Amino acid sequence: MNNKRQQLLNLLGLARRAGKLVTGEGLVLDAIRKGKVDLVFFAQDGGASTFKKFTNKTTSYGVPFSTSLTRQEIANATGMARSLVAVADRGFAKKMQMYLEKEEENQ
């Protein structure tokens with residue numbers, strides 16, 4: 001695992017401890033609709049129908065959407081077995097997106 005990915009996971013855990021994550025399909029959908037979400041992570045190994053639903057919803061609301069993490073990575077970082085988490089803090093989301101972009105550059 002590269003350094004940027006580890007920093008991203010550490011930041012995800014920090015956001016969880018700060019109470020800045022939204023989890024659960026219904027709650028995430030509601031938060032997207034209300035404009036309270038700045039970044040959505042969907043696990044690479046998540047379900048296809050849920051993936052389609054959230055791809056469509058995040059696209060229509062202009063919310064960044066990432067499938068760069070696995071369920072296991074999300075669970076390890078947050079302490080919750082989830083395939084979907086949303087970041088409800090602009091600062092955390094901006095830093096996470098920076099790590100995601102740097103990781104993509106290195107691949």
Side-chain angles (χ1 to χ4, degrees):
M1 186 180 312
N2 71 31
N3 192 31
K4 294 298 176 202
R5 189 172 198 79
Q6 188 58 54
Q7 288 174 313
L8 172 65
L9 294 170
N10 291 345
L11 202 55
L12 195 58
L14 189 61
R16 159 86 161 95
R17 291 188 294 283
K20 300 296 184 183
L21 290 186
V22 180
T23 64
E25 279 187 46
L27 293 173
V28 172
L29 274 175
D30 194 43
I32 291 170
R33 286 187 192 114
K34 291 179 178 175
K36 295 185 175 184
V37 170
D38 298 293
L39 177 61
V40 174
F41 285 101
F42 186 80
Q44 296 167 356
D45 46 355
S49 63
T50 307
F51 172 78
K52 183 174 177 5
K53 181 193 309 182
F54 281 94
T55 305
N56 292 344
K57 191 60 70 179
T58 54
T59 301
S60 67
Y61 282 86
V63 176
F65 184 78
S66 173
T67 57
S68 64
L69 303 175
T70 64
R71 280 183 180 182
Q72 190 62 53
E73 287 173 322
I74 292 172
N76 291 347
T78 64
M80 302 180 297
R82 300 281 190 272
S83 58
L84 175 73
V85 293
V87 181
D89 181 273
R90 185 166 285 129
F92 278 120
K94 192 173 183 180
K95 192 74 170 169
M96 288 176 190
Q97 285 178 291
M98 188 185 82
Y99 289 140
L100 287 168
E101 288 166 11
K102 288 190 176 174
E103 188 176 296
E104 287 170 9
E105 288 172 9
N106 294 336
Q107 288 180 354

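Keep in mind that what you see is a predicted model, and the values were worked out from it rather than measured.
The two residues Asp38 and Ala88 make their nearest non-hydrogen contact at OD2-C, 3.8 Å. Gly24 approaches Arg82 most closely through the heavy-atom pair N-NE, 4.4 Å. Annotation for Ile32 and Val37: closest pair N-CG2, 4.0 Å, computed over non-hydrogen atoms. The two residues Ala75 and Ala81 have their closest heavy-atom pair at CB-CA, 4.1 Å. Minimum interatomic distance between Gly46 and Ser83 (heavy atoms only, all atoms of both residues): CA-CB, 4.4 Å. Across all their heavy atoms, Leu21 and Val87 have their closest contact at CD2-CG2, 3.9 Å.
Tyr61 and Val85 fall into different hydrophobic clusters, defined by Ile, Leu, Val, Met, Phe, Trp and Tyr side-chain heavy atoms under 4.5 Å apart, directly or through other members. Connection of Leu100 to Phe92 is established within a shared hydrophobic cluster, with ILVMFWY side chains joined at heavy-atom distances below 4.5 Å, either directly or through further cluster members.
The aromatic rings of Phe51 and Phe65 sit tilted, their planes meeting at an angle between 30° and 60°.
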*Check the pair Val63, Phe54 against side-chain contact (heavy atoms from CB on, under 4.5 Å), reporting the backbone distance first and the verdict last.*
CA-CA 10 Å; Val63 176; Phe54 281 94; over 6 Å; no
*Evaluate salt bridge (Lys or Arg N to Asp or Glu O under 4.0 Å) for Glu103 paired with Arg5, printing each intermediate quantity in order.*
CA-CA 7 Å; Glu103 188 176 296; Arg5 189 172 198 79; 2.4 Å; yes
*Can Phe41 and Leu8 be said to form a side-chain contact (heavy atoms from CB on, under 4.5 Å), step by step?*
CA-CA 11 Å; Phe41 285 101; Leu8 172 65; 3.9 Å; yes
_Trace of the side-chain contact (heavy atoms from CB on, under 4.5 Å) decision for Leu11 with Leu14_ = CA-CA 5 Å; Leu11 202 55; Leu14 189 61; 4.2 Å; yes
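Here the side chains of Lys53 and Leu29 are in contact, with some heavy-atom distance below 4.5 Å. For the pair Lys4/Met98, no side-chain contact is recorded, criterion being any heavy-atom separation below 4.5 Å from C-beta on.
Rounded to the nearest 0.5 angstrom, Glu101 CD and Ser68 OG are separated by 11.5 Å. Note that OG1 of Thr78 and CG of Leu9 are 10.0 Å apart. Values are rounded to the nearest 0.5 Å. A distance of 5.0 Å separates CD in Gln97 from CG in Leu39, rounded to the nearest 0.5 Å. Residue Thr67 holds its OG1 atom at 9.0 Å from CZ of Phe42, rounded to the nearest 0.5 Å. Expressed to the nearest 0.5 Å, how far CG of Asp89 lies from NZ of Lys94 amounts to 12.0 Å. Separation of atoms NZ (Lys95) and CG (Leu12) is listed at 15.0 Å; rounding is to 0.5 Å.
Residue Lys20 places its NZ atom among 12 or fewer non-hydrogen atoms of other residues, nucleotides or ligands, all under 6.0 Å distant.
Between the Arg17 side chain and the Gly13 main chain, a donor and an acceptor come within less than 3.5 Å of each other.
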